[in-house]
Amino acid sequence: MTERAKFSGRIGFILAAAGSAVGLGNIWRFPYLAGKNGGASFLLIYLLFIAFICFPIMTAEIAIGRKAGLNAYGSYKKIGSGSWGSVGILGIIIGILVLSFYNVVAGWAFGYFIEIVFSDLLSVKDYGTHFAHYVADPSDNLFFSMGFMILTALIVSQGIQKGIEVANKIMMPGLYILLIALIVYSLTLPGAMKGVEFYLIPDITEITRHTFLDGVRQAFFSLSLGMGALLTYGSYLHKDQNIVSSAAIITLADTMVAFLAGLMVFPLVFSAGQSPAEGPPLVFMILPKIFQDMGPILGRIVGGSFFLMLCFAALTSTISMLEVPTAYLVDEKKLPRKKTVWTLATVVFIMGLPSLLSQGTKGFDMLNKLSFYHGRDFMTFISDLADMGLTLSGFLLCIFVTYRWKLFNMHEELAIGSPGYMSSGLHHFINFSIRIICPIAMGILFTMLMLEKFFGLDNIF
Ligand code: TRP
């Protein structure tokens with residue numbers, strides 16, 4: 001039996017799980033998806049998904065991990081037996097796919113940090129063009145994304161506790177402080193209120209099918225659900241810890257960072273007279289301009305800290321993504337941890353190369369415009385594929401808990417460390433959500449995403 005490490009305590013677990021959840025998804029992806037989907041309407045739908053679907057699924061995922069005390073595959077198999085282990089495998093595969101492109105974006109953030117502090121990012125004239133050139137040029141990117149993967153592997157190979165716990169303790173509060181400072185600054189700019197309006201006053205007529213589809217993918221992605229990440233962290237959790245309240249704190253911390261990131265970005269976008277619907281480059285194009293306006297010294301300090309925070313937010317996420325397949329191989333195949341980590345990191349880095357080269361790199365038109373994927377780029381393809389997998393994985397999790405593990409067993413696990421749980425309303429809420437709301441919603445959304453992405457839903461309806 002492999003001896004299983006545990007988190008030092010509740011704070012350690014919450015920090016690591018929140019570190020996993022808070023990442024590029026909150027600061028980079030959430031604002032651009034919200035910008036694309038009408039701002040406040042997206043926020044509204046997103047919050048509904050978080051509360052009614054993601055929070056209950058998070059408690060279930062952590063409960064499975066703690067009950068079984070194994071990796072994603074091992075836990076499903078131990079509790080469910082038979083072929084249920086494949087749900088865990090699905091999660092592990094999605095995790096690897098996500099890490100492959102996530103690491104590329106983390107490399108961009110890393111590169112921007114270096115450029116803003118040590119080079120001339122602050123003297124660029126047009127940040128839109130700059131970013132387009134930047135992501136298309138593989139030389140720096142290759143270097144930075146490799147650096148990022150090495151950093152991730154270094155930490156994971158050491159075992160997860162000390163490095164992660166300490167890094168999170170410093171970086172998470174720092175992230176909050178910086179976000180709030182930037183919000184205060186952005187709100188004082190002329191025209192900022194238009195951004196606030198866009199972000200906070202929903203226009204119901206703006207809600208379309210896309211709001212739901214993007215909302216659910218983002219909610220799942222942001223909370224690190226469906227990939228066995230929280231399940232794996234749950235397996236390192238002591239029995240006397242309260243899963244339900246920990247999950248609530250993790251959910252709140254993550255949602256708060258996404259919300260604040262939007263509150264920072266939209267006033268900036270509107271005061272600069274830009275369109276909020278820029279898509280993925282949004283944060284990389286808008287923020288440097290603001291740092292530039294602050295002047296060379298302040299701009300370097302604030303901008304440098306911002307991109308550094310972004311790197312750390314990403315790092316605590318990549319660590320947990322790499323931990324999932326590592327735990328699987330170490331538990332199930334009895335492989336040595338260090339070797340496993342470095343091998344996985346190498347494989348995932350290579351898997352990320354097509355994504356890295358799909359952002360306009362010359363000579364790689366095939367990847368920039370996939371013929372079988374409506375001319376979209378490879379990174380978008382992988383990210384869509386992964387998100388689809390996430391909704392499927394969430395759906396299967398609910399089916400697993402309801403019909404195989406049985407809800408009362410899950411509640412029993414949740415009640416350990418949470419004395420009043422069984423008699424509380426939360427118990428009924430989670431029950432109803434996992435049994436009814438989640439599978440229906442996830443099933444419908446998975447089908448719609450498939451139709452939309454692969455078969456062009458617009459042609460069908
Ligand atoms: N939640 C992370 C973010 O918002 C991304 C992520 C998705 C993740 N799934 C994960 C991180 C699994 C760690 C493990 O940036």
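Values below: all heavy atoms of this structure, side chains included; hydrogens, waters and symmetry mates excluded. The structure presented is a predicted model; accordingly, all values stated were derived computationally and were not measured. Sequence positions, counted from 1, serve as the residue numbers for this chain. Counting convention: from 1, in listed order, for ligands and their atoms alike.
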Could you tell me whether ligand 1 has any atom less than 4.0 Å away from a heavy atom of [X]?
X	value
Asn26	yes
Gly95	no
Phe220	no

Under 4.0 Å between a Lys/Arg side-chain N and an Asp/Glu carboxylate O for [X] and [Y]?
X	Y	value
Arg337	Glu323	yes
Glu413	Lys239	yes
Arg209	Glu452	yes

Residues 390-401 side chain polar contacts: donor-acceptor under 3.5 Å, at least two apart:
residue : atom : partner : partner atom : Å
Thr391  : OG1  : Asp387  : O            : 3.4
Thr391  : OG1  : Met388  : O            : 2.7
Ser393  : OG   : Gly226  : O            : 2.8

Give the ring-plane orientation class for [X] versus [Y], where under 30° counts as parallel, over 60° as perpendicular and anything between as tilted.
X	Y	answer
Tyr112	Phe131	perpendicular
Phe101	Phe221	parallel
Phe110	Phe113	parallel

Self-check item: Ring center gap for Phe30 and Phe259 short of 6.0 angstrom
Solution: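 No, ring centres 6.0 Å or more apart.
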Ligand-side contact atoms (ligand 1) for residue partner [X], heavy atom cut-off under 4.0 Å:
X	answer
Ser222	1 (N), 4 (O)
Ser20	1 (N), 2 (C), 11 (C), 13 (C), 14 (C)
Ala229	12 (C), 14 (C)

Which protein heavy atom lies closest to [atom], and at what distance to 0.1 Å?
atom	value
atom 15 (O) of ligand 1	Tyr102 OH, 2.5 Å
atom 3 (C) of ligand 1	Ala21 O, 3.3 Å
atom 13 (C) of ligand 1	Ser320 OG, 2.8 Å
atom 9 (N) of ligand 1	Met227 CE, 3.0 Å
atom 7 (C) of ligand 1	Phe221 O, 3.1 Å

Quiz item: Should Leu24 be counted as touching ligand 1, given the test is an N or O pair under 3.5 Å?
Solution: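 Indeed, backbone or side chain, Leu24 has an N or O that close.
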Exercise. State whether the shortest distance between N or O atoms of Leu223 and N or O atoms of ligand 1 falls below 3.5 angstrom.
Key: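 In fact, backbone or side chain, Leu223 has no N or O that close.
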Donor-acceptor list for residues 340-353 side chains, cut-off 3.5 Å, not counting sequence neighbours:
residue : atom : partner : partner atom : Å
Thr340  : OG1  : Pro336  : O            : 2.5
Thr343  : OG1  : Lys339  : O            : 2.6
Thr346  : OG1  : Trp342  : O            : 2.6

Quiz item: Which one holds for Ser224 and ligand 1: side chain close, backbone close, both close, or neither close, with close meaning a heavy atom under 4.0 Å?
Solution: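 The answer is both.
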